[in-house]
Protein chains: 2
Amino acid sequence: MLSQTRYRMLYLIGLGLGDAEDVTCKGLKIIKNAKRVYLEAYTSILTVGKEALEEFYGRSVILADRDMVEQHSDVILEDAEKEDIAFLVVGDPFGATTHSDLVLRAAERNIKYRVVHNASIMNAVGCCGLQLYNFGETVSIVFWTETWRPNSFYDKISQNRKHKLHTLCLLDIKVKEQTIENMMRGRPIYEPPRFMTVSQAASQLLEIVEDQKDSDKESLAYTAETICVGLARVGTDSQVIKVATLKQMTSLDLGRPLHSFIITGHLHPLEVDMLRQFTDDQSILA
Amino acid sequence: MLSQTRYRMLYLIGLGLGDAEDVTCKGLKIIKNAKRVYLEAYTSILTVGKEALEEFYGRSVILADRDMVEQHSDVILEDAEKEDIAFLVVGDPFGATTHSDLVLRAAERNIKYRVVHNASIMNAVGCCGLQLYNFGETVSIVFWTETWRPNSFYDKISQNRKHKLHTLCLLDIKVKEQTIENMMRGRPIYEPPRFMTVSQAASQLLEIVEDQKDSDKESLAYTAETICVGLARVGTDSQVIKVATLKQMTSLDLGRPLHSFIITGHLHPLEVDMLRQFTDDQSILA
């Protein structure tokens, strides 16, 4: 591929989901030859850190936080018309989080770009045995606070279930967040990263239908008994997939991040056979 | 990863979408060390053939046609409890086509399996700038014949559009098909492979709404003016993306396979900005 490259440009390179070796051979070749290599480190994480990537690539990597990518992209794009710049993204560059902004800013400056695709959670969830073409709209579930309990995903899950479709729920990630006090005082002190777990997501989802328990059960998007799939560290050696009811899911511990969650719709017999590999309670799939 | 492998097993390895170098470093290491390497060659294709893969891997690859995978999977699984067997799939092993059958047959024989994920068309379509979480159910469009014109995808597109969602249309692939005469006479003579183009898909889609032209326009799932995206050879050097109306799309030639098609739903301003890169007629995005 590189031999055919006539222009210097920006490369958006997907790293896949697991560790350093999940980069593609094409991606690795570009990384090794790029002038600068940035790692987008605020919307997802690998199971390994920057140091493991640097060791595998044999070169240094610059961490790009949200501020750099969204406010100071000129730094990233500098010299990209004369040199190859690599911008690394966990998963796929246009997967769960898109980097359209960076691409558009490159286009404004007449900098060419190319994408090296990789697996993202949006397609790798197929590993649980649910067919990707039976999924409806994907939703995001964010951490609730005492005063902020957004639940716009509920109506989308309801639509998907009405059409017998599965729903992939992307779970909240809080990286480099500040307390309100630190933010107001302008102190660059950040909270430890937080990753929503499958049991936290299940608890929030269950609360919504429990709040409506006087409603007709048929009118609910899902119930405590709806079959769900919890996934942790998809694509890694320590991957865990668990099939359980929503209620059961609230007390399961799937270990370290990242977690993802699926609320199933109609289950095809072949999907049921696949899900059986991952449940401790075969009766729920009877 | 291999150093941690205690069991011999079946590896399902995604090859991504472009050429030999789109395999991941992890996948390549497994391929080089596997006892046998099969290439699933009937649901999708790379831009390069088996020989290019063999040269890049430095080893021989066995073509697995539908008959072998679906009827004679024992051949593939032979000795997989004692040796590593690699089963290569264009895209992701659980992408547009799942290989649940093979996995379940392995499980029946107590053969462990592991998946090495990669990009599939299901997530790589994000490269056109439409956000993956704004897509509804994916549909498949098959070649019509004089007597067989299935259009079950129409209602799904209609549902997606009603909820402002985009629809990814996977286009038909006919590999190793027989004429009825050759099939009846038991002659192992196969037709040349056929791949549905973006313009063929657009023509079939347009015919459906033209057949209903007496209907209220508001009740149609889409019209001749609906913005569509045609994609060819996604993830390769020769990738082409074209944004046009459905009507315009019927006369566009995007070149060699594989092609994919998107019927847009509601367009977010950032999506419009991205799509502008790919249209010859900016007025349709006004």
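All values below were derived from every heavy atom in this structure, side-chain atoms included, with hydrogens, water molecules and symmetry-related copies excluded. From a predicted model like this one, the values you see are computed outputs, not experimental measurements. Residue numbering restarts at 1 for every chain, and letters A, B, ... go by the order of the sequence lines.
- Looking at heavy atoms from C-beta onward, Val23(B) lies out of side-chain contact with Lys26(A) at the 4.5 angstrom threshold.
- By the 4.5 Å heavy-atom criterion applied to side chains, Gln277(B) and Tyr113(A) are counted as neighbours.
- Inter-residue side-chain proximity for Ser100(A) and Asp273(B) is flagged as unmet; no heavy-atom pair is nearer than 4.5 Å.
- In this structure, the side-chain hydrogen bond (donor to acceptor under 3.5 Å, both in side chains) partners of Lys50(B), at least two apart in sequence or on a different chain, are Glu54(B).
- Checking side-chain atoms of Asn160(A) against main-chain N and O of Gly136(B) turns up no donor-acceptor pair under 3.5 Å.
- You'll find the side chain of Cys25(B) stays beyond 4.5 Å of the side chain of Thr24(A), heavy atoms only.
- Met274(B) has its side chain within reach of Val103(A): a pair of non-hydrogen atoms, C-beta onward, lies under 4.5 Å apart.
- There is no side-chain donor-acceptor pair under 3.5 Å between His163(B) and Glu137(A).
- At a threshold of 4.5 Å between non-hydrogen side-chain atoms, the residues Gln239(B) and Val115(A) do not count as touching.
- Ranked by heavy-atom pairs under 4.5 Å with chain A, the list Cys127(B), Gly235(B), Ser140(B), Gly27(B) is led by Cys127(B).
- Contact check for Cys128(B) versus Phe94(A): no side-chain heavy atoms found under the 4.5 Å cut-off.
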(request) Could you go through the side-chain contact (heavy atoms from CB on, under 4.5 Å) check for Leu132(A) and Asp92(B) one step at a time? (result) CA-CA 11 Å; Leu132(A) 290 185; Asp92(B) 185 77; 6.0 Å; no

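- With chain A as partner, the option from Leu168(B), Thr138(B), Asn123(B) having the largest number of non-hydrogen pairs under 4.5 angstrom is Asn123(B).
- Interface residue Val234(A): only side-chain heavy atoms are found under 4.5 Å from chain B.
- Atoms CE and CE, from Met122(A) and Met122(B) in turn, are 10.0 Å apart once rounded to the nearest 0.5 Å.
- Under the rule for a side-chain hydrogen bond (donor to acceptor under 3.5 Å, both in side chains), Asn110(B) has no partner lying at least two apart in sequence or in another chain.
- Heavy atoms closer than 4.5 Å to chain A are found nowhere in Val139(B), neither backbone nor side chain.
- Counting heavy atoms from C-beta on, the side chains of Asn118(A) and His117(B) never come closer than 4.5 Å.
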